[in-house]
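To find a chain, count down the sequence lines: A is the first, B the second, and so on, and within it residues start at 1. Both backbone and side-chain heavy atoms feed into the values below; hydrogens, waters and symmetry mates do not.
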Number of protein chains: 4
Amino acid sequence: MRKTPRQQRSREMVNRLLDATAATLAERGLDHTTTNHIAERAGVSIGSLYQYFPDKNALVEALLERMAEEASARFRYRAERADFSQMDLRSVASLAIAYGMQRMSADPVVRELVQNWNRIPIRKLLDPLERFFLVMAQPYFLHRYRDYPVQNLEAKLYVLINAVLFTVIHFHEQENPVIRQDQLIQTLTDMIVGLLEAPQPASPNG
Amino acid sequence: MRKTPRQQRSREMVNRLLDATAATLAERGLDHTTTNHIAERAGVSIGSLYQYFPDKNALVEALLERMAEEASARFRYRAERADFSQMDLRSVASLAIAYGMQRMSADPVVRELVQNWNRIPIRKLLDPLERFFLVMAQPYFLHRYRDYPVQNLEAKLYVLINAVLFTVIHFHEQENPVIRQDQLIQTLTDMIVGLLEAPQPASPNG
Amino acid sequence: MRKTPRQQRSREMVNRLLDATAATLAERGLDHTTTNHIAERAGVSIGSLYQYFPDKNALVEALLERMAEEASARFRYRAERADFSQMDLRSVASLAIAYGMQRMSADPVVRELVQNWNRIPIRKLLDPLERFFLVMAQPYFLHRYRDYPVQNLEAKLYVLINAVLFTVIHFHEQENPVIRQDQLIQTLTDMIVGLLEAPQPASPNG
Amino acid sequence: MRKTPRQQRSREMVNRLLDATAATLAERGLDHTTTNHIAERAGVSIGSLYQYFPDKNALVEALLERMAEEASARFRYRAERADFSQMDLRSVASLAIAYGMQRMSADPVVRELVQNWNRIPIRKLLDPLERFFLVMAQPYFLHRYRDYPVQNLEAKLYVLINAVLFTVIHFHEQENPVIRQDQLIQTLTDMIVGLLEAPQPASPNG
DNA sequence: CATGAATGAGTATTCATTCAT
DNA sequence: AATGAATGAATACTCATTCAT
């Protein structure tokens with residue numbers, strides 16, 4: 001069969017281009033990232049780039065998807081190590097936020113992309129994460145469900161993910177934030193716990 | 001006096017240009033808004049535009065400032081009508097979010113600008129609002145302080161404002177959001193109340 | 001009579017504009033000197049400027065003429081003090097060049113203008129000087145004529161004036177000239193003397 | 001080999017652009033020469049122009065270099081034909097000036113460039129010429145050195161090249177020069193001979 | 001399949017000059 | 001006469017995309 005090696009080459013090429021996209025994005029920012037830069041960085045002709053991706057947007061989209069997969073894998077790995085089900089919500093939330101913030105400082109690509117969320121199909125990155133968290137959180141909530149049933153779990157997770165994510169990004173972007181990082185984490189944790197654990201007999205939604 | 005009519009003309013021109021900026025922004029998005037578009041839309045020569053604003057950025061900045069002023073005025077007006085101090089937190093929050101979302105749907109300029117928060121001096125718009133909310137909320141919290149003292153009010157408001165704002169914006173941007181608008185408002189309200197009203201004896205932050 | 005004060009006012013205005021032109025020229029260079037700059041510097045509206053000068057070029061031209069007059073006056077003054085007729089050609093030439101170079105270093109306007117000789121009617125400045133030198137030199141050569149008749153005096157002066165002038169200007173412009181200033185003056189002096197004093201029996205030109 | 005035709009194409013393009021630059025320069029003058037004009041004249045898209053030259057300045061600079069090379073080649077060719085070492089200084093100088101003036105009348109590009117010498121890296125053009133003349137003149141001066149040693153040869157050549165060059169250019173530029181062309185050549189020749197051949201026992205320069 | 005030369009619409013900004021007030 | 005707001009053609013340079021080789 002001829003197909004396998006070809007597919008493999010193709011895959012390599014795609015990965016190389018995606019790596020180059022990420023690197024260029026981190027280095028120059030979305031605004032100053034050009035397809036020619038990406039091709040050059042990938043050590044590939046611009047023509048070849050367009051053989052694998054129809055346009056610049058597709059490139060970013062694919063990168064987003066790959067990052068989502070990687071992030072899911074990373075989270076899964078961590079989740080397997082640490083037995084979250086044994087921890088209380090507060091600890092889990094606090095840990096997750098701290099971990100996320102560290103990831104964000106470490107990965108300029110994530111920052112660059114999320115900063116420009118409106119110009120890219122950011123859901124490609126966020127949706128998998130949201131789904132993943134939902135799945136991850138399932139056992140926890142199932143376990144507590146009888147005592148503290150959480151209504152509207154989907155809406156709550158949606159809100160929390162967005163809220164935490166963009167607040168953290170915005171915080172990161174500010175030169176002189178009005179609050180400290182530990183205050184931010186603490187308050188975000190409080191917010192999460194407040195929404196998920198507090199008894200809400202008054203909420204008639206849904 | 002010669003000065004008044006001239007200043008007035010100048011003011012009119014500035015306003016016309018700002019209106020044109022807003023309209024073009026709403027129509028074409030920040031990326032495809034050019035100074036020539038703005039001038040044309042304002043019915044003014046490009047040269048005149050540059051007589052009033054040194055560059056494109058100044059135009060956006062001025063628009064941001066004008067919007068912040070307008071928004072503050074609008075909020076103040078509403079705050080004076082409705083006696084928030086008589087309402088409970090849940091009602092106030094719910095009303096404010098609903099009002100904000102309605103404003104946001106109604107005003108594509110706000111959307112366009114906030115979407116591009118990272119590429120514009122968005123704080124020009126947000127800072128006054130943040131300050132305004134703080135001032136507005138002051139009497140309410142002062143009033144309840146004895147019964148339900150709120151620790152870390154500053155950090156909490158910072159988090160809530162950012163969280164609510166960007167979640168709402170993101171929600172707006174999505175074509176097929178996974179939750180309904182009423183769910184969003186309800187959940188955000190829950191989140192606000194959860195953070196502000198819940199007893200937090202465990203929070204040892206500074 | 002009404003005319004005198006008006007003419008005087010006009011003259012003042014012209015001078016003010018010319019001063020402003022010179023100052024702006026020295027500060028920003030011909031390329032970045034705009035009529036609006038000049039008007040502003042003169043404390044006059046741009047409209048008034050165009051009442052006195054039909055266009056930008058006329059402004060420069062008039063400045064050139066005024067400078068030529070001033071330079072002539074200065075030279076005449078110096079010539080009256082120092083009795084050139086008592087000095088030998090070498091001394092006169094050497095002195096004149098040194099003086100000219102000092103003037104040139106001291107006056108950025110002169111430099112800026114002469115640098116742009118091709119884009120302005122530089123003859124407005126050079127012609128009077130040429131004529132002046134010719135007149136100044138006349139008595140000297142007349143005086144020596146019997147002993148050392150100089151053939152083709154006009155052509156020689158033409159050549160020397162241009163040669164010296166532009167060599168000096170070019171020298172001034174260079175950041176790292178290949179020769180020193182004293183060498184330049186010495187060589188130019190040699191050149192002048194060589195052309196004017198050497199016996200030229202072989203020159204059969206008309 | 002793939003390289004040769006590509007390099008050749010590239011070279012052709014560069015030459016085409018340089019030709020277009022020269023033509024446009026001659027036609028419109030440096031001030032009114034735009035990169036778009038050049039590209040259009042070269043029958044090439046503006047994008048292509050910028051693929052070969054980073055900016056307008058680089059274009060002019062490259063043209064200057066090419067012209068210097070061409071001029072050197074031409075001079076060398078002529079020098080090989082005519083055995084200058086057999087001619088006296090007067091004849092060589094006279095011939096060189098006449099030849100240079102003819103070249104200058106024939107080549108408006110040279111004129112345009114030298115006229116704008118202060119706005120372009122004119123040394124790119126002059127330095128090679130200066131060096132060339134020095135080399136060319138070497139045998140002559142070597143030959144005469146024992147009998148008539150020329151002091152300060154470098155300074156003298158510097159002065160003469162500048163003096164002759166700009167006087168000729170200026171002469172060319174004038175609509176009604178006060179002297180005739182043959183007088184100019186004659187006088188310049190006298191000047192050169194006067195400076196180089198006359199005994200200068202009085203020159204104490206370093 | 002790969003290449004990379006070629007494309008050209010698009011963008012922010014400047015400045016001499018006019019003319020209604 | 002004086003003003004200065006308004007004009008708009010002009011300019012250098014970018015970058016996503018195509019297509020002949």
[atom1] of [X] versus [atom2] of [N]: gap in Å, rounded?
X	N	atom1	atom2	result
B/L17	F/dT7	CG	C1'	14 Å
A/L59	F/dC15	CG	C1'	14 Å
B/H37	F/dG8	NE2	C1'	16 Å
B/H32	E/dA12	NE2	C1'	16 Å
D/D31	E/dA16	CG	C1'	14 Å
A/E12	E/dA2	CD	C1'	16 Å
B/F53	E/dT14	CZ	P	16 Å

Worksheet item: What's the shortest heavy-atom distance between C/L49 and C/V44, and which atoms?
Response: N-CG1, 4.0 Å
Worksheet entry | Minimum heavy-atom distance between B/R111 and B/M104, given as atom pair plus value | NH1-O, 3.4 Å
Practice prompt. Evaluate salt bridge (charged side-chain N to carboxylate O under 4.0 Å, His left out) for A/R16 paired with A/E12, printing each intermediate quantity in order.
Written response: CA-CA 6 Å; A/R16 207 140 41 112; A/E12 263 175 41; 5.7 Å; no
Item to complete: Describe the nucleic acid contact of D/Y52 in one word from base, sugar-phosphate, nothing, applying a heavy-atom distance below 4.0 Å.
Response: sugar-phosphate
Worksheet item: Mapping C/I46 and B/T34 to their closest nucleotides on DNA chain E, which lands nearer the 5' end?
Response: B/T34
Practice prompt. Could you check A/L49 against B/R28 and say which one's nearest nucleotide on DNA chain E is further toward the 5' end?
Written response: A/L49
Discussion item. Please determine whether a side-chain nitrogen or oxygen atom of D/S45 lies at a distance below 4.0 Å from atom OP1 or OP2 of E/dG8.
Written reply: no
Discussion item. For F/dA6 and B/Y50 - does any side-chain N or O of the residue sit under 4.0 Å from the phosphate oxygens OP1/OP2?
Written reply: no
Selection from [options] that lies nearest to any side-chain heavy atom of [X]:
X	options	result
D/S48	E/dT18, E/dT7, E/dT3	E/dT7
C/T35	E/dA2, E/dT13, E/dA16	E/dA16
D/D55	E/dA16, F/dT18, F/dC13	F/dC13

Worksheet entry | Which residue lies more 5' along DNA chain F, comparing A/N36 with D/P54 via nearest heavy atoms | D/P54
Discussion item. Between D/N57 and C/V44, which residue's closest nucleotide on DNA chain F lies nearer the 5′ terminus?
Written reply: C/V44
Worksheet item: Passes salt bridge (charged side-chain N to carboxylate O under 4.0 Å, His left out), B/R28 versus B/E112? Steps please.
Response: CA-CA 9 Å; B/R28 318 180 61 110; B/E112 181 60 29; over 6 Å; no
Practice prompt. Tell me the partner of E/dA16, counting only Watson-Crick (N1-N3 plus N6-O4 or O6-N4) or G-U wobble (N1-O2 and O6-N3) with both under 3.5 Å; none if nothing fits.
Written response: F/dT7
Practice prompt. Please determine, for F/dA1, whether a Watson-Crick or G-U wobble partner exists with both distances under 3.5 Å, and give it or none.
Written response: none
Practice prompt. For the pair B/R119 and A/D31, evaluate salt bridge (charged side-chain N to carboxylate O under 4.0 Å, His left out) and give the outcome as yes or no after the intermediate values.
Written response: CA-CA 10 Å; B/R119 304 196 294 157; A/D31 272 322; 3.3 Å; yes
